[in-house]
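First the structure, in the form of structure tokens, and then the observations on it.
In what follows, chains carry the letters A, B, and so on, assigned in the order in which the sequence lines appear, proteins first and then strands, with residues in each chain numbered from 1.
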Amino acid sequence: MSSKNILSHSCEHLLAYAILNTYPHTLLGTDSKPHHNGFYYEVRLEKQLTTSDLTEIEKEMRRLISLSLNFYHFDLRHKEAISLFSLCKQIYKIEILKDIKSNSVSIYKCGNYFDLCRGPHIKNLNQIKEFKLLNISSSYWKSNKQNAILYRIAGMAFPSINDLNSYLKLLEESKKRDHRNLASSFDLFSASNPLIGAGLNIWLPNGAIIRSVIEDYLKKIHLLNGYNFVYSPHIASIDLWKTSGHWAYYKDSMYPPMCVDKSSYVLKPMNCPFHITAFKAHQHSYRDLPIRLAEFGTVYRYELPGVLHGLLRLRGFTQDDSHIFCEFSQIDLELRNIISLALTILKKFGFCKFEVTISTRPDKYIGTLKQWEIAEDSLKKAILYHNLKYSIDIGNGAFYGPKIDIKLKDSLNRLWQCSTIQLDFINALQFDINFINKHGKLEHPIIIHRALLGSFERFIGILIEEYAGAFPFWLAPEQIRILNISEKHISFSKSIESILKHEGFRVKTFLKNEPLSAKIRNAQTDKIPIVLIIGDKEISEKQVAIRLRNSSHLSMEINSLIAYLKQLE
RNA sequence: GCUGGUGUAGCUCAAUGGUAGAGCAUCUGAUUUGUAAUCAGGAGGUUGCGGGUUCAAAUCCCAUCGCCAGCUCCA
């Protein structure tokens, strides 16, 4: 354990000590998991705990620090430990002890507080220089919804006041990068309008440009990679979802049915049944496979209100979705190609760091164990082929098959699933789709579900935070801004604007009567990649002065400028 | 959904039971500007929505909706 973690860990026990002193009937639950950022302690209290109570607890923590108490370590036999914690009626500690198999357990003591703990700890409480309790939230005992609800009190410990201040500064910086804040300064989207409904987003013009540029890029690269695009409706008869199995497995996460002509229809939570139906439109030969059907499909899922989060978690979002129908023998190559395409796309946006997980069979599943085993193996092989590190997320697969997820981090280092690649041996059976194999016999194809950005909304949300609003030239809603120095330069500025527009660039002339320095400042805060300045000198020399976002200057005539801009795209 | 917060002008925030205010943005006028802020003036509000307490509510209470952090969930 690093010294910082030891400090943090000790502070978390100080927190428990202070809570017990302040509220003697507190039941101690679990403390932070090893790699948690900061510390927390989960406790059960009769009293309702509010933020103002945190101040009281902090005060008690500081009082205990001022007593300069030492931590003492000793081992107890398992039995002795149980009777010790029974004596003070710490029922959750007894439950934890019951899960520990060894004969002796490690106990730490500090003042009249003792706790079950592996350690290590700092020697003396006075080594804790700075800390801050951050929030109260609820959590379930053993993270299980069926169990009792505990309070989770979270905080951070710091070796010095400077560390505390730089942490607060970091939070401040992250807040500035937050896509929800940048959205209002740059008019990107509106994802929180109560009149429209929670979790439903409107792309404002600037955000819409970014999205459509990305769509164009994706469309092109998918066509190059052998995909064909289809379009499907936003609602479908409930029978479709009964056939696919979604109704049975995910009814609670779907928007409730609406009645049309005495039939029930639901909003689509996924695109796959449509693509499967599209595959079924023709009789296929093994020679046609793989068939790759793609769609930027908007789906609607009922997410719990508490989980909605800007663009990163919505109830309506558009996936860059695709379903690949192939033979069993084609799986490995397809998976490799999909991962390779995913990596190409992520790289295009500058993402080199991400986390890869394989999610395995969940409790509720369809298909046979043998099928799941083969599917999980294929996924591992494909990841290893690309030399990617991965972790296993046990039981988190879709009901119809295991999956590979690629996760990206937001500005607060929270992970969000973006790319997902799912193997499915089952839906071909449910929908009874098939192709004619080499031997002239009907055979069910394998279906691979995949989305590479995941959703445009989530991906662009992460992208906004990654770039902190300073989009690269090819994505910037306003790529070029032309600033005239005075009124007599307007017509030349307009003619440059027109030339650049005809070349396909997103360009605006900013004609307001302001000093140049003010216009430059605006362009800089608007994070415009290229600023052109037009004055007497430019007109007489038939050149433009260029200011880049990093404040460096260039000067060139219009044809060279066009060539220069083209190579930026 | 759970726990704790929070909601005031387009944005960021102030006003602790007694006349809703500032900065930025916007609009108007003057200024005609050479690489991060020219000056002056105007407009902008059912304090999320609905109840209640009070002579009086942005402020206190209840309910509801949205948002934030964390938990649970995430096909």
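- When heavy atoms are screened at a 4.0 angstrom cut-off, A/Q422 is found touching the sugar-phosphate backbone but no base atom.
- Within the nucleic acid shown, A/N513 comes within 4.0 Å of at least one base atom, counting heavy atoms only.
- With both ends at atom C1', the span from B/rU6 to B/rC13 equals 14 Å, rounded to whole Å.
- A tilted orientation is assigned to the rings of A/Y167 and A/F158, their planes being inclined by 30° to 60°.
- Salt-bridge annotation for A/D410 and A/R177: absent, with no side-chain N of the basic residue lying under 4.0 Å from a carboxylate O of the acidic one.
- Across the C1' atoms, B/rC55 and B/rA25 are found 40 Å apart, a figure rounded to whole Å.
- Using a 4.0 Å heavy-atom criterion, one finds that A/R549 contacts no nucleic acid atom at all.
- A salt bridge is defined here as a Lys NZ or Arg NE, NH1 or NH2 lying under 4.0 Å from an Asp or Glu carboxylate O, and A/E95 with A/K142 meets this definition.
- A salt bridge does not link A/K132 to A/E58: none of the charged nitrogens lies less than 4.0 Å from a carboxylate oxygen.
- Here A/R547 lies in heavy-atom contact (under 4.0 Å) with a base.
- Nucleic acid contact class of A/E42 (heavy atoms, under 4.0 Å, all strands): none.
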For residues 296-317 of chain A, tabulate all N or O donor-acceptor pairs below 3.5 Å that involve a side-chain atom, not counting sequence neighbours.
{"from": "A/T298", "atom 1": "OG1", "to": "A/T318", "atom 2": "OG1", "distance (Å)": "2.8"}
{"from": "A/Y300", "atom 1": "OH", "to": "A/H234", "atom 2": "ND1", "distance (Å)": "3.3"}
{"from": "A/R301", "atom 1": "NE", "to": "A/P269", "atom 2": "O", "distance (Å)": "2.8"}
{"from": "A/R301", "atom 1": "NH2", "to": "A/P269", "atom 2": "O", "distance (Å)": "3.1"}
{"from": "A/E303", "atom 1": "OE1", "to": "A/R313", "atom 2": "NE", "distance (Å)": "3.4"}
{"from": "A/E303", "atom 1": "OE1", "to": "A/R313", "atom 2": "NH2", "distance (Å)": "2.9"}
{"from": "A/R315", "atom 1": "NE", "to": "A/E303", "atom 2": "O", "distance (Å)": "2.9"}
{"from": "A/R315", "atom 1": "NH2", "to": "A/E303", "atom 2": "O", "distance (Å)": "2.8"}

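- Of the P atoms belonging to B/rC65 and B/rG17, the separation is 29 Å, rounded to the nearest Å.
- When RNA chain B is scanned 5' to 3' for any atom under 4.0 Å from a heavy atom of chain A, the first and last hits are B/rG1 to B/rA75.
- Using a 4.0 Å cut-off between charged nitrogen and carboxylate oxygen, A/K403 and A/D405 count as a salt-bridge pair.
- Between the side chains of A/K407 and A/S419, no donor-acceptor pair is found at a separation under 3.5 Å.
- Among the heavy atoms of the strands lying under 4.0 Å from A/R301 is at least one base atom, whether or not backbone atoms are also near.
- Rounded to a whole angstrom, the distance from the C1' atom of B/rA20 to that of B/rG45 is 8 Å.
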Go ahead and write out RNA chain B as dot-bracket, 5' to 3': ( ) for pairs within the strand, [ ] for ones crossing earlier pairs, | when the partner sits on another strand, dots for unpaired; Watson-Crick or G-U wobble, both distances under 3.5 Å.
(((((((..((((....[..))))..((((.......))))......(.(((..]....))).))))))))....

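- Counting non-hydrogen atoms under 4.0 angstrom, A/A154 reaches nothing in the nucleic acid.
- Salt-bridge formation is not detected for the pair A/K175/A/E172: no Lys NZ or Arg NE/NH1/NH2 atom is positioned less than 4.0 Å from an Asp or Glu carboxylate oxygen.
- Contact check of residues 136-150 of chain A against RNA chain B (heavy atom, cut-off under 4.0 Å) returns A/I136, A/S137, A/S138, A/S139, A/Y140, A/S143, A/K145, A/I149.
- Judged as a side chain to side chain contact (heavy atoms under 4.5 Å, CB included), and not counting sequence neighbours, the contacts of A/E514 are A/F510, A/K512, A/A518, A/K519, A/N522.
- A/H449 comes within contact range of no nucleotide atom at all, as no heavy-atom separation falls under 4.0 Å.
- Contacts of A/K176 with the nucleic acid, taken as non-hydrogen atoms under 4.0 Å apart, are absent.
- Side-chain contact, A/S517 with A/R521: no donor N or O sits under 3.5 Å from an acceptor N or O.
- When the side chain to side chain contact (heavy atoms under 4.5 Å, CB included) test is applied to A/S552, the partners found at least two apart in sequence or on another chain are A/L548, A/N550.
- With sequence neighbours left out, the side chain to side chain contact (heavy atoms under 4.5 Å, CB included) criterion links A/D432 to A/N434, A/H444.
- Residue contacts shown for A/A545 include a base, since a base heavy atom lies under 4.0 Å away.
- A heavy atom closer than 4.0 Å to some atom of RNA chain B occurs in A/Q48, A/L49, A/T50, A/T51, these being the qualifying members of residues 45-54 of chain A.
- Taking the C1' atom of each, B/rG70 and B/rG51 are spaced 32 Å apart, rounded to whole Å.
- Between A/K93 and A/E42 there is no salt bridge, since no side-chain N of the basic residue sits under 4.0 Å from a carboxylate O of the acidic one.
- Across the P atoms, B/rA40 and B/rG52 are found 48 Å apart, a figure rounded to whole Å.
- Looking at which nucleotide of RNA chain B each of A/L304 and A/K512 is closest to, the 5′-most match is held by A/L304.
- Electrostatic pairing of A/R450 and A/D321 does not count as a salt bridge here, judged by no charged N lying under 4.0 Å from a carboxylate O.
- Note on A/N522: nothing from the nucleic acid sits closer than 4.0 angstrom, heavy atoms only.
- The ring pair (Phe, Tyr, Trp, His ring centres under 6.0 Å) check on A/F186 picks up nothing, with sequence neighbours excluded.
- Separating the C1' atom of B/rC27 from that of B/rU59 is a span of 33 Å, rounded to the nearest Å.
- Atom name C1', nucleotides B/rA9 and B/rG21: the rounded distance is 10 Å, in whole Å.
- Listed by chain and residue number, A/L54 satisfy the side chain to side chain contact (heavy atoms under 4.5 Å, CB included) test with A/T51 (two or more places apart in sequence, or in another chain).
- Listed by chain and number, the residues in a ring pair (Phe, Tyr, Trp, His ring centres under 6.0 Å) with A/H9 are A/H13, A/H121 (sequence neighbours excluded).
- For the segment residues 391-407 of chain A, the set of residues with a heavy atom within less than 4.0 Å of an atom of RNA chain B comprises A/A398, A/Y400, A/K403, in numerical order.
- A salt bridge links A/K59 with A/E56: the distance from a Lys NZ or Arg NE/NH1/NH2 to an Asp or Glu carboxylate oxygen falls below 4.0 Å.
- For A/D178 and A/E303, each mapped to the nucleotide of RNA chain B holding its nearest heavy atom, the one lying further toward the 5' end belongs to A/D178.
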